[in-house]
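Reviewing the structure listed below.
Remember, it's 1-based here, ligands and their atoms both numbered in the order they're listed. Note that the structure is a prediction, hence the values are computed from the model and not measured.
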Amino acid sequence: MASKAKTTVTFHSGVMTIGGTVIEVAYENAHVFFDFGTEFRPEIPLPNQDLETLLEYRLIPQLPGLYDSKLAGSQHDEENFINTAVFISHVHLDHTKMINYLDAKIPLYALDATAKILPLLNRNGTFLLPASGHENNFTRDIIGVAPQTEISVGEISVKLVPVDHDAYGACGLIITTPTAKLAYTGDLRLHGLQPENVWDFCQQAYHTDCLMIEGVSISFPERAEKSLSVCDSETELVERMARLVKNNPDRPITFNAYPANPLRFLEMAKKISRTTVLTADMAALLKELLQKDEHYYLNPGQITPSTLDPALEVAYDCLLKEPEKYFWQVTQDFENLLNNTLYIHSDAEPLGDFDPAYAKFIDLLEKLGIEFVRLSCSGHATPGDLNKIVSAIEPKLLVPIHSLHPEKLENPFGERILPVRGQKIHF
Ligand SMILES: [Zn+2]
């Protein structure tokens with residue numbers, strides 16, 4: 001008698017580390033993968049970012065049949081799957097960076113919002129890895145779908161359910177096969193602007209056979225005293241910025257934040273008492289993505305993006321000469337800033353001290369006499385909130401991933417496993 005078909009879940013990468021999650025769910029001749037980024041290891045000096053190199057340094061897994069066959073290092077699929085699809089939960093690079101290395105014939109799905117913002121973030125060709133045979137700023141086709149859409153891949157169904165994260169358009173996945181119901185959180189938090197999305201995801205994932213949950217916040221030892229630069233919510237963060245601006249009426253005040261979180265920029269523009277002025281690239285992103293008009297300036301030599309209203313341009317010189325009027329985003333030419341400038345670093349690049357560029361950046365500002373203030377708000381649920389999410393879902397099996405210490409998250413409702421790279425489990 002033939003054995004009954006089973007659902008197989010393979011943890012190709014992104015376990016015991018933060019970033020580069022690639023998980024495969026297979027049932028009979030169909031399989032789906034999520035996500036499609038690379039591990040972020042800025043301390044490793046890579047000779048280049050070719051597919052072969054990333055494979056060699058184990059920043060991405062070998063996935064036969066998935067990568068563009070023109071790229072050295074790609075392997076042929078020996079198993080002959082008939083249906084293949086890839087899903088991305090959100091735009092962050094550790095979830096998307098290698099999508100241009102994916103075979104162009106394989107469909108790639110994401111929420112509409114993610115499908116729209118990703119090419120905008122890659123408009124200068126500096127975000128994603130480049131596709132073979134295309135310009136650097138090319139972004140491969142992404143099939144954008146509305147929230148709660150279910151995609152069928154063979155007998156596997158994948159539903160894209162919005163969550164809240166510091167990336168616009170983030171979702172989790174609810175995956176149903178003939179033998180299992182699985183849930184993947186992507187990255188999520190309860191202290192953002194849309195916590196109701198996370199509760200809805202929990203409800204849809206209730207009693208799942210397997211909850212694959214991110215555990216970024218449990219990666220680090222809990223500090224007895226909270227760092228002053230960390231805000232408990234997006235709302236608190238913008239309020240603290242507004243206070244800093246108010247308490248320093250005569251000083252030049254600048255900032256930078258991460259463009260994948262455009263809602264933070266809009267909140268700032270709304271709540272800060274001075275005129276918020278963005279780089280033309282960021283203003284164009286807000287215009288094209290959200291039809292929002294904000295003030296902007298051009299960096300030296302830059303031409304005005306065609307989507308922007310020239311009436312909203314503020315001359316670069318005015319930003320420097322009338323500093324008390326503006327709260328402006330600065331991403332380059334820090335040496336042009338006046339030496340009593342206050343600069344607020346709000347989850348912008350370089351992201352943190354794990355990146356060697358971070359210390360250099362702080363040194364530079366110190367030399368220039370610019371005061372550096374960090375104000376951040378994590379995109380990841382706190383340890384307490386991770387427990388709340390697990391309690392709301394009551395999973396039969398818990399699989400903490402995307403974490404340096406997944407063992408810190410427990411499952412009072414059933415089993416838990418801590419997979420190693422390449423491990424398969426069956427349902
Ligand atoms: Zn993320």
Side-chain angles (χ1 to χ4, degrees), residues 13-23 33-42 59-60 86-99 108-111 113-118 120-122 127-129 142 147 160-173 183-195 197-198 201 211-220 230-231 233-234 237 257-265 285 289 346-352 354-355 376-383 385-386 389 399-406 409:
S13 61
V15 290
M16 304 298 291
T17 183
I18 297 172
T21 303
V22 181
I23 298 171
F33 293 79
F34 44 89
D35 279 294
F36 222 65
T38 63
E39 277 185 35
F40 183 56
R41 303 284 300 278
L59 297 183
I60 60 174
V86 176
F87 292 79
I88 44 179
S89 61
H90 64 285
V91 294
H92 283 155
L93 285 171
D94 55 335
H95 299 258
T96 58
K97 192 170 177 180
M98 63 166 174
I99 61 167
L108 175 67
Y109 295 94
L111 284 185
T114 296
K116 277 194 193 128
I117 193 174
L118 201 42
L120 294 172
L121 292 169
N122 196 39
F127 201 74
L128 300 171
L129 293 168
I142 306 169
L160 292 88
V161 180
V163 293
D164 185 85
H165 182 43
D166 61 344
Y168 181 73
C171 71
L173 304 175
Y184 168 59
T185 60
D187 289 354
L188 80 183
R189 61 178 174 178
L190 285 170
H191 56 272
L193 297 169
Q194 293 160 316
N197 286 350
V198 178
F201 173 83
L211 172 63
M212 294 164 268
I213 186 168
E214 67 114 322
V216 169
S217 69
I218 49 172
S219 298
F220 311 103
V230 179
C231 303
S233 67
E234 286 284 328
L237 175 118
Y258 199 71
N261 187 12
L263 301 183
R264 184 177 295 177
F265 288 79
L285 187 145
L289 188 70
S346 185
D347 301 312
E349 284 183 316
L351 293 170
F354 56 91
D355 185 344
S376 60
C377 176
S378 173
H380 303 281
T382 61
D385 285 349
L386 285 174
I389 291 166
V399 187
I401 52 168
H402 202 278
S403 179
L404 299 177
H405 286 290
L409 194 62

Specify which N/O/S atom of [X] comes nearest to the Zn ion (ligand 1), by atom name.
X	answer
His92	ND1
His165	NE2
His90	NE2

ask   = Heavy-atom distance under 4.5 Å between the side chains of Leu404 and Phe220, does that happen here?
value =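 Heavy-atom side-chain distance check passes, below 4.5 Å.
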task = To the nearest 0.5 Å, tell me how far Phe87 CZ sits from Leu108 CG.
result =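 One gets 9.0 Å once the value is rounded to the nearest 0.5 Å.
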ask   = What's the spacing between Tyr168 OH and His90 NE2 if we round to 0.5 Å?
value =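 Nearest 0.5 Å value for the OH-NE2 distance: 15.0 Å.
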Contact check: Asp187 to the Zn ion (ligand 1), N/O/S below 2.8 Å =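 Yes, Asp187 qualifies, because one of its backbone or side-chain N, O or S atoms lies under 2.8 Å.
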Backbone or side-chain N/O/S of His95 under 2.8 Å of the Zn ion (ligand 1) =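 Checking His95: none of its N, O or S atoms is under 2.8 Å.
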inquiry  = Please find the pair of heavy atoms, one from Pro262 and one from Leu285, that lie closest to each other, and give the distance.
reply    =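 Shortest heavy-atom contact: CB-CD2, 4.1 Å.
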query = Picking from His92, Arg189, Glu214, Gln194, what satisfies side chain to side chain donor-acceptor pair (under 3.5 Å) with His165?
reply =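 Of the listed options, the one satisfying the test is His92.
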